[in-house]
Amino acid sequence: MIAVEIAQRAKLNENVCGDVAAVTRKPSGVLVAVADGLGHGEFAYEAARTFCDFARHHAEDPIESIMSEATRVMAKTRGAAAALININEDQKILEFVGIGNIELRGVSKEKIAPVSMPGIVGTALRRLRSFRYKLHGNDLFVIFSDGISSRFGLDDYRGLREKEIAERILRELGKPHDDATCVVIRVDGASL
Ligand SMILES: [Mn+2]
């Protein structure tokens with residue numbers, strides 16, 4: 001089983017959150033998209049939502065092609081930082097691709113330290129780099145926008161339920177002056 005929980009809020013004095021996260025369940029597993037629209041407010045939300053809608057509609061495509069194809073629709077928006085995480089339970093792998101400040105952390109048997117490429121989805125696409133990790137069972141992953149301080153150790157949260165991890169990271173590490181999003185994924189060992 002793949003458990004996914006999202007915690008999110010807008011920056012201080014803003015009603016609309018410019019970060020969007022989308023979870024798409026597929027026969028093979030799950031695709032998670034996280035986008036942080038440039039700036040704040042309505043238009044930031046519009047850009048982030050456009051990315052996540054595109055990802056949802058193309059959820060069966062390889063993540064690199066979703067990311068590169070999204071450039072076209074995103075050109076009509078103000079752009080976003082974005083990341084895609086695909087978990088394939090049959091192949092027991094997690095794949096990541098990111099552009100801009102969305103980070104993935106993981107606690108697993110191997111070191112999980114992918115990097116997002118610099119840039120904005122919606123401007124000319126430069127080089128993409130994707131990362132692929134083997135799942136071992138009971139792997140824990142956190143994806144977060146730059147409205148969350150990266151100064152935390154995921155080990156500290158490991159014993160908690162997914163929803164509680166997401167909410168605590170948001171509460172304890174969220175920056176008041178930026179939209180903040182935290183997505184927690186746990187892959188149960190039983191399903192692998
Ligand atoms: Mn941000």
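Each ligand, and each atom within it, is numbered from 1 in the order the structure gives.
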Q: Do Ser116 and Asn101 have side-chain heavy atoms sitting under 4.5 Å apart?
A: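 Ser116 vs Asn101: side chains apart.
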
Q: By side chain to side chain contact (heavy atoms under 4.5 Å, CB included), which residues pair with Ala166, not counting sequence neighbours?
A: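 Applying side chain to side chain contact (heavy atoms under 4.5 Å, CB included) to Ala166 gives Ala7, Cys182, Val184.
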
Q: What N, O or S atom of Asp36 is found closest to the Mn ion (ligand 1)?
A: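 Checking each N, O and S atom of Asp36, the shortest distance to the Mn ion (ligand 1) belongs to OD2.
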
Q: Starting from the Mn ion (ligand 1), look over the N/O/S atoms of Asp178 and name the nearest one.
A: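 Looking at Asp178, the N, O or S atom with the least distance to the Mn ion (ligand 1) is OD2.
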
Q: Please confirm if an N, O or S atom belonging to Asp146, backbone or side chain, lies less than 2.8 Å from the Mn ion (ligand 1).
A: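 Yes - counting backbone and side chain alike, Asp146 has an N, O or S atom under 2.8 Å.
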
Q: Does the separation of the ring centres of Phe152 and Phe144 fall below 6.0 angstrom?
A: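 Between Phe144 and Phe152, which both carry aromatic rings, the centre distance is below 6.0 Å.
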
Q: Closer than 2.8 Å to the Mn ion (ligand 1): does that hold for any N, O or S atom in Asp179?
A: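 Within the cut-off used here (under 2.8 Å), Asp179 places no N, O or S atom near the Mn ion (ligand 1).
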
Q: List the atom pairs, donor and acceptor, that lie under 3.5 Å between side-chain atoms in residues 25-48 and the rest of the protein, sequence neighbours left out.
A:
unit_1	atom_1	unit_2	atom_2	d
Arg25	NH1	Ile2	O	2.8
Arg25	NH2	Ile2	O	2.9
Lys26	NZ	Ala59	O	2.9
Lys26	NZ	Asn86	OD1	2.7
Glu46	OE2	Arg49	NH2	2.4

